[in-house]
There are 2 protein chains.
Amino acid sequence: MKNIIEILKEKDIAPSMQRIKILEYLQNYKTHPTADMIYQALADEMPTLSKTTVYNTLKTFTEKGVLVALSLFENEVRYEYTKEPHIHFKCTKCGRIYDVLKTFKCLKNENIEGHQVIEHHVNLRGICKNCLEKVED
Amino acid sequence: MKNIIEILKEKDIAPSMQRIKILEYLQNYKTHPTADMIYQALADEMPTLSKTTVYNTLKTFTEKGVLVALSLFENEVRYEYTKEPHIHFKCTKCGRIYDVLKTFKCLKNENIEGHQVIEHHVNLRGICKNCLEKVED
DNA sequence: TACAAATTTGTAATCGTTACAAAGTAGTAT
DNA sequence: ATACTACTTTGTAACGATTACAAATTTGTA
């Protein structure tokens, strides 16, 4: 908790209750949730929470570099709180998202063919280990 | 033109006029267009073309492996007709999408930590060469 | 010519996200 | 304390890409 407040202050974000709870959720649940999932999860505890607040907060956090937004071939954005660069694997059967290749070399801040890279996302899609084992035939 | 018909037949897709025109557009314009862009471009020539047809066609093409769909952090899907694996770089200033690192080693069909990879997408974001040169200060 | 299957079309609905303005909260100077 | 300002939160309405659906059209074939 104290930790979260420090993180927000370091990024010049006022540590309001809503912001603390949202970041806390993303620290605790590494499920790459959507804005709506976060809203649903917190709505019980914070009955007056607005979905707009969740969207605003996630936008602020992403802009300030607290969170990373993921674009994984869905019509929705997913978010994660992470420190080390890694790759995402999405199973097309069960829909689960896995963090893989933790040692992945990131091109962030490098220059590729004259372009300055600020973000580097690698998205794999396929059948996950779990679903491969379950194959019925 | 003949070429396009062959491509569709090989994939078991009936080469209707709409489908031919849509694939032709993607062969000619390597701009990673959205469904709407394709629709707008073809609407003059085909006044009764329906946007639903464009969506249906792009879905069919993607499922049959004629096209590749791109998820580049926008609330819209982009499409490309391509043969060699490559990486996409999207400029956050001008919005242009570049194909880079044509020699990129693809993990397609490989096994990563037990998961079977079917698609491998690499998305870079940053400031493109063009916009870097234009910096005013 | 007739019939069945595939394709196209237009409209309405869905759903994630954003715009906007009002209401609430906090900090600061008087 | 009070008033003023800036920031944050909230709820509703709007937006825009995409999909559902059923009718209309086209195609292939008996």
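Because only heavy atoms are used, hydrogens play no part in the values below, and waters and symmetry mates are left out as well, while side chains stay in. The chains referred to below are lettered A, B, ... by the order of the sequence lines, with proteins before strands, and numbering in each begins at 1.
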Enquirer: Nearest whole Å is fine: how far is dT8(D) C1' from Leu8(A) CG?
Expert: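 Rounded to whole Å, this separation is 14 Å.
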Enquirer: Across the strands shown, which category fits Thr48(A) at heavy-atom distances under 4.0 angstrom: base, sugar-phosphate, nothing?
Expert: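 Sugar-phosphate: the residue Thr48(A), judged by heavy atoms under 4.0 Å, touches backbone atoms but no base.
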Enquirer: In whole angstrom, what separates Phe73(B)'s CZ from dA17(D)'s P?
Expert: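 So the two atoms are 18 Å apart, to the nearest Å.
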Enquirer: Can you tell me how far C1' of dT8(D) sits from CD1 of Ile22(A), to the nearest Å?
Expert: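 Those two atoms, CD1 and C1', are 12 Å apart.
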Enquirer: On DNA chain D, nearest-nucleotide positions of Lys59(B) versus Thr57(A): which is more 5'?
Expert: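 Of the two residues, Thr57(A) wins.
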Enquirer: Assign Asn56(A) to base, sugar-phosphate, or nothing according to its heavy-atom contacts below 4.0 angstrom with the strands shown.
Expert: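 The residue Asn56(A) makes base contact.
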Enquirer: Regarding Arg125(A) and the six-membered ring of Phe73(A), is the cationic atom NZ or CZ under 6.0 Å from the ring centre and inside 45° of its axis?
Expert: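 Geometry flag: set, cation within 6.0 Å and 45°.
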Enquirer: State whether a side-chain donor-acceptor pair under 3.5 Å links Glu119(B) with His121(B).
Expert: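 Distance-only check passes for Glu119(B) and His121(B).
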Enquirer: Answer yes or no: is there a side-chain heavy-atom contact under 4.5 Å between His115(A) and Ile127(B)?
Expert: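 A side-chain contact under 4.5 Å is absent here.
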Enquirer: With a 4.0 angstrom cut-off to heavy atoms of chain B, pull out the first and last contacting nucleotide of DNA chain C, in 5'-to-3' order.
Expert: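 Extent of the interface on DNA chain C: dT7(C) to dT11(C).
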Enquirer: CG of Leu42(A) versus C1' of dT10(D): gap in Å, rounded?
Expert: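 Answer to the nearest Å: 16 Å.
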Enquirer: In whole angstroms, how far is the P atom of dT19(D) from the CD atom of Glu74(A)?
Expert: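 Distance check: Glu74(A) CD to dT19(D) P gives 13 Å.
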Enquirer: Is the distance between the ring centroids of Tyr79(B) and His32(B) under 6.0 Å?
Expert: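 Distance test on ring centres: not under 6.0 Å, no.
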Enquirer: Under 4.0 Å, heavy atoms only, any strand: does Thr53(B) hit a base, just the sugar-phosphate, or nothing?
Expert: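 Base contact - Thr53(B) has a heavy atom under 4.0 Å of at least one base atom.
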Enquirer: When you compare the side chain of Arg78(A) with that of Ile97(A), does any pair of heavy atoms fall below 4.5 Å?
Expert: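 Yes, their side chains come closer than 4.5 Å.
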Enquirer: Output the rounded distance in Å from CG (Asn75(B)) to P (dT18(D)).
Expert: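 Interatomic distance, CG of Asn75(B) to P of dT18(D): 8 Å.
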Enquirer: For His120(B), what residues pass the ring pair (Phe, Tyr, Trp, His ring centres under 6.0 Å) criterion, not counting sequence neighbours?
Expert: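 Here the qualifying residues are Phe104(B).
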